[in-house]
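Structure first, commentary second.
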Amino acid sequence: MTESPQISSLSTSLAQLAAQRRAAPDQGGLLTGKDPTQYNPSDPLRLWIIQVGIIIITTQLLYLVLRRLRQPRVIAEVLGGILLGPTAFGRIPGFSKHIFPSQSIPFLSLSANIGLCLFLFLVGLEIDVSIIRRNARLSVAVAGAGIVIPFAFGAALAIPLYKHFIESTQVSYTHFMLFTGVAYSITAFPVLCRILTELKLLDTTVGIVVLSAGVGNDIIGWTLLALSVALVNAGSGLTALWVLLVCIGWTLFMLFLVSRVLLWFAHNTGSIENGPTIFFMTITILTLFSSAFFTDVIGVHAIFGAFLAGIIVPREGGLTIALTEKLEDMVSVIFLPLYFTLSGLSTDLGLLNTGTIWGYTIAIFTLAFIGKFGGCTIAARFSGFNWREASTIGTLMSCKGLIELIVLNVGLSAGILTRLVFSMFVLEALVLTCATTPIVSFLYPPHLRTRATATGSPFGNIRDHKDKESGTGNPVFDVKQNDDGVWKRRFTVVLDKLEHLPSMMAITQLLQPPPPAYAQAESSTTNQSTSKEAEAHFGALRLIELADRPSDVMKSSATDALLHTDPLLGIFRTFAELNGLSVSAALSIVPFDALAYSVGEHVRARDTQLVLVPWLPSAQAPEITEAGMVQDGSPFDPLFRTDHSTSLVHSHFVRGIFAHADTNVALLICRAPFGVREQTHLFLPFVGGPDDRLALDFVVQLCANPRVRATVVRITKRDISVDVSPPESPHLRAEETAQATGATITSVTGFPDTMYGKATTQTKLQSETADGVTWAKYTTRPSSGSVATVDPTLNEALSRVTFEELASPTPLHAALHHARTLKQRPIVVVGRSRRLAVEDHHAELRMLEGEHSAVRADVRKTVGDIGTAFVSAGFDANMFVMQASSVQLD
């Protein structure tokens with residue numbers, strides 16, 4: 001029996017179809033000649049990766065340039081989106097067709113809107129409603145004026161805009177007016193926080209009011225946006241009313257019920273004490289997208305639900321900061337640039353092609369600034385601020401940033417704004433955001449700022465004055481102590497890494513004054529009070545670099561909690577309590593470029609006498625030569641040469657402290673385990689100058705500790721004929737120098753000195769005179785009945801110091817040789833001698849580097865010539881580099 005032709009044809013078709021289904025998809029891709037940018041609806045990942053890569057690279061390149069101008073990241077993201085859109089790259093033939101084809105936009109939009117919900121959730125986490133309660137008296141008026149007056153300006157401008165650029169048959173004036181008013185009245189709270197932190201305004205009266213008013217402004221703005229979207233999506237006024245009532249009900253449900261459930265989960269999962277667990281993160285993310293889904297389906301945008309979910313997360317234990325740290329990088333690096341690129345694809349600045357359009361565009365950002373600036377400035381002025389502070393508040397509140405762009409995109413997707421009007425408002429948001437930082441820097445410079453809190457950056461403030469009146473303040477800072485004494489009593493310890501703690505603990509313990517003698521212990525109350533006044537106080541300054549992450553901005557506004565939870569400060573406080581030390585703590589979160597300036601501000605406010613700065617090099621394996629031998633390099637190689645990037649960055653930080661600190665600075669370069677041994681030996685090559693004199697005082701003070709000894713060698717550069725080949729020949733022995741100068745050699749402690757001023761005869765004589773007075777103060781034994789005999793602690797310290805004098809045509813070589821002759825590896829103490837030094841060691845230093853190894857220029861600038869000599873020669877020891885405060889030679 002034969003098959004019919006129809007059956008045979010059907011069988012063949014089925015077989016071919018089955019073969020096609022069994023065949024594997026083409027995996028060759030580019031190798032088979034296919035265009036990787038060709039859109040494939042069943043596999044859009046390939047093109048999506050290309051789009052994301054181009055977006056991220058463009059954004060990052062722009063940000064590298066714009067951050068030098070102190071512009072926030074959002075400016076780079078918005079400009080990147082505009083450049084990739086029809087304004088710039090879209091005009092390149094084939095660019096939009098291959099990179100951003102219209103068929104791929106829905107997938108890109110899905111990713112961007114997921115990221116937008118996550119971002120609004122992070123914005124909700126940043127907002128702390130308690131800020132409004134604490135500063136309601138001042139912030140309510142500013143927030144109210146910042147909403148009402150700009151909204152009125154926007155509603156007024158909406159009339160001509162609607163008449164010239166909007167089709168009345170498609171959009172009602174009421175809807176357009178609402179969106180225009182909301183766009184005018186909104187304030188970019190995340191960008192505002194970033195600007196306040198970078199300009200170090202968070203602890204000023206202006207910063208607190210702006211932060212509080214910004215929170216209230218944002219909440220009211222999002223509420224108005226939800227109302228506007230509800231009115232647009234509703235078919236009638238009654239429907240809009242129902243949408244609004246349901247939205248209010250959902251808000252109350254989240255604030256009063258879901259928030260309690262989240263708090264219960266946070267406590268029972270240990271998320272508050274130990275950070276968010278996986279289970280708590282799962283519950284939080286489900287809450288986020290559930291809230292976004294509900295507000296979207298009732299006719300309000302999903303971003304409002306995401307924002308609401310962020311507000312209800314518990315604030316206890318820094319939980320919001322920990323949640324932000326887990327989500328922020330993915331949102332900031334990928335999702336937000338995607339969203340702003342979508343916004344840029346809808347922005348075509350080429351549409352602004354007539355004088356009339358440009359006139360309206362200028363009117364848009366002029367009225368937007370006048371409305372915000374004028375309303376908030378007048379409200380702040382009536383609240384008691386002066387005109388400069390009030391105008392600064394008005395300028396900060398006029399910052400638009402990405403929040404207005406989100407509002408504009410909502411209006412564009414709802415069909416309320418045309419692409420032309422959308423482009424005009426995008427340009428307005430860019431201009432006002434870019435102008436905020438330079439205007440504020442001009443109106444409110446640092447020397448005119450009024451600090452309002454007793455936490456954060458340690459400035460004189462209201463609470464401190466109240467403490468003085470009540471007698472509860474810290475006596476170390478309430479009374480300015482006498483600085484005429486030789487020894488320092490007020491120290492600031494800079495802490496920025498956990499690795500710095502051991503060395504700082506050791507030097508702190510060495511600087512603690514020794515206990516009084518037994519005879520003194522039974523002295524009168526007067527002696528006891530004198531001993532208490534002489535007690536040293538250590539201020540621990542914790543430095544945290546402000547990066548580009550939102551969590552860093554949140555930390556900067558939560559310094560109260562961080563002061564008690566930061567691990568470095570906690571360890572240092574525990575160490576101080578165990579050793580009976582007087583310690584206070586402060587925390588500063590600023591950009592890297594402002595770290596050194598922050599240290600300078602801190603020490604000025606605390607009247608610090610000596611700043612202790614650690615520098616710990618990284619470990620590195622020794623180099624192996626071709627012969628298989630271990631090459632004996634300098635122990636400072638990882639710090640000063642090989643580990644170039646880390647040491648270079650830190651050297652800029654240290655030199656910044658040297659430049660900005662108006663007090664004495666001690667840089668501790670720790671190369672070996674640092675601790676209070678059975679016997680710690682110090683070595684000071686004293687060549688003269690203010691830095692060396694400070695070093696001499698410092699060495700004497702350390703020798704008050706019974707376990708510290710010191711050798712101080714005064715080296716005079718003198719052109720004498722000597723044979724430099726034997727070890728002792730570079731030196732003119734102390735006895736010969738004494739015969740030539742008439743000086744008396746005694747056993748005491750010393751401090752290195754650096755010469756300032758031009759290398760003139762007068763300056764050199766002044767410096768030599770000051771050096772001689774300081775040297776004689778310690779080397780000359782006091783006569784009986786002199787005041788010096790009353791201080792037994794100083795006499796005990798001087799008994800542990802050996803003084804020597806020598807002259808040499810090569811002082812650096814002489815210092816190195818003398819240090820190597822010591823039986824115990826010493827801690828080297830040198831003066832930095834970078835400022836107006838009279839004695840020039842550059843020629844000898846170049847010769848010494850030729851004998852050993854060269855040292856980078858940034859190292860020489862940081863540690864000075866004498867310190868560089870020890871580094872170049874590979875002297876394996878810890879080192880103090882001292883710089884005296886700016887003093888004039890009399």
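Put simply, CE on M254 and CG on L252 are 11.5 Å apart, with the number rounded to the nearest 0.5 Å. Note that the OG1 atom of T392 and the CZ atom of F373 stand 8.0 Å from one another [nearest 0.5 Å]. For the atom pair CD1 (I406) and NE2 (H301), the distance works out to 9.5 Å, reported to the nearest 0.5 Å. Taken to the nearest 0.5 Å, the OH atom of Y444 stands 8.0 Å off from the CD1 atom of I393. L308 CG to F253 CZ: the interatomic distance, rounded to the nearest 0.5 Å, is 11.0 Å. Interatomic distance, H660 NE2 to Y597 OH, rounded to the nearest 0.5 Å: 8.0 Å.
Side-chain atoms of E428 never come within 3.5 Å of backbone atoms of I364 as a donor-acceptor pair (strictly under, hydrogens ignored). Side chain of T295 to main chain of G305: a donor-acceptor pair is present (N/O by atom type, distance under 3.5 Å, no hydrogens or angles). Under the 3.5 Å distance criterion, the side-chain polar atoms of S185 are matched with a main-chain donor or acceptor of V182. Panel note: side chain N217, backbone A213; no donor-acceptor pair is recorded below 3.5 Å. In this structure, Q609 contributes its side chain and R490 its backbone to a donor-acceptor pair below 3.5 Å. Using a distance-only test at 3.5 Å, with no hydrogens or angles considered, a donor-acceptor pair links the side chain of R315 to the main chain of V313. The backbone N or O of T320 sits less than 3.5 Å from a side-chain atom of T324, completing a donor-acceptor pair.
Between P276 and L319 there is a side-chain heavy-atom pair separated by less than 4.5 Å. No side-chain heavy atom of F385 sits under 4.5 Å from any side-chain heavy atom of R381. Side chains of E77 and Q60 form no contact here, defined as non-hydrogen atoms less than 4.5 Å apart. Contact check for T437 versus L69: no side-chain heavy atoms found under the 4.5 Å cut-off. When side chains are defined from C-beta on, T284 does not count as touching F265, because their heavy atoms never get closer than 4.5 Å. Using a 4.5 Å cut-off on side-chain heavy atoms (C-beta onward), E404 and F425 make contact. Counting heavy atoms from C-beta outward, L288 and L118 have side chains that approach closer than 4.5 Å. With a 4.5 Å cut-off on side-chain heavy atoms, T251 and F304 count as touching.
When all heavy atoms of M281 and L323 are compared, the closest pair comes out as SD-CD2, 3.0 Å. Nearest heavy atom pair, residue V603 against residue G600, reads CG2-O, 3.2 Å. Residues S271 and F280 come closest through the heavy atom pair OG-CB, 3.3 Å. Nearest heavy-atom pair, I149 versus G371, reported as atom, atom and distance to 0.1 Å: CG2-O, 3.7 Å. The nearest pair of heavy atoms linking C376 to G394 is CB-CA, 3.8 Å. Between L612 and P614, the shortest heavy-atom distance links the atoms O-CD, 3.9 Å.
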Using the rule given for side-chain contact (heavy atoms from CB on, under 4.5 Å), can you reason through L201 versus L396, listing the C-alpha separation, both sets of side-chain angles and the distance that settles it, and then say yes or no? CA-CA 11 Å; L201 293 173; L396 287 167; 4.3 Å; yes
Tell me, with the steps shown, if I283 and L262 meet side-chain contact (heavy atoms from CB on, under 4.5 Å). CA-CA 8 Å; I283 296 297; L262 284 180; 3.9 Å; yes
Check against side-chain contact (heavy atoms from CB on, under 4.5 Å), V494 and L543: CA-CA 7 Å; V494 178; L543 295 179; 3.6 Å; yes
Take F491 and V611 through the side-chain contact (heavy atoms from CB on, under 4.5 Å) test and state the conclusion after the steps. CA-CA 6 Å; F491 303 92; V611 183; over 6 Å; no
Let's go through K372 and T395 carefully: what are the C-alpha distance in whole Å and the side-chain angles of both, what is the deciding distance for side chain to side chain donor-acceptor pair (under 3.5 Å) to 0.1 Å, and is it a yes or a no? CA-CA 8 Å; K372 271 285 186 181; T395 303; over 6 Å; no
Take S291 and W250 through the side chain to side chain donor-acceptor pair (under 3.5 Å) test and state the conclusion after the steps. CA-CA 9 Å; S291 180; W250 178 254; 3.2 Å; yes
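For T492 and T608, the side-chain atoms include at least one donor-acceptor pair closer than 3.5 Å. At a cut-off of 3.5 Å, with distance as the only test, no side-chain donor of S588 or H602 sits close to an acceptor on the other residue. No side-chain donor from either of T436 and K400 sits under 3.5 Å from a side-chain acceptor of the other.
Summarising the local packing, CZ of F382 is surrounded by 12 or fewer heavy atoms from other residues, nucleotides or ligands at distances under 6.0 Å.
For Y184 and F153, the ring centers are positioned 6.0 Å apart or more.
Classification of the F592-F653 ring pair by plane angle, with boundaries at 30° and 60°, yields tilted.
By the 4.0 Å N-to-carboxylate-O rule, R542 lies too far from D496 to be salt-bridged with it.
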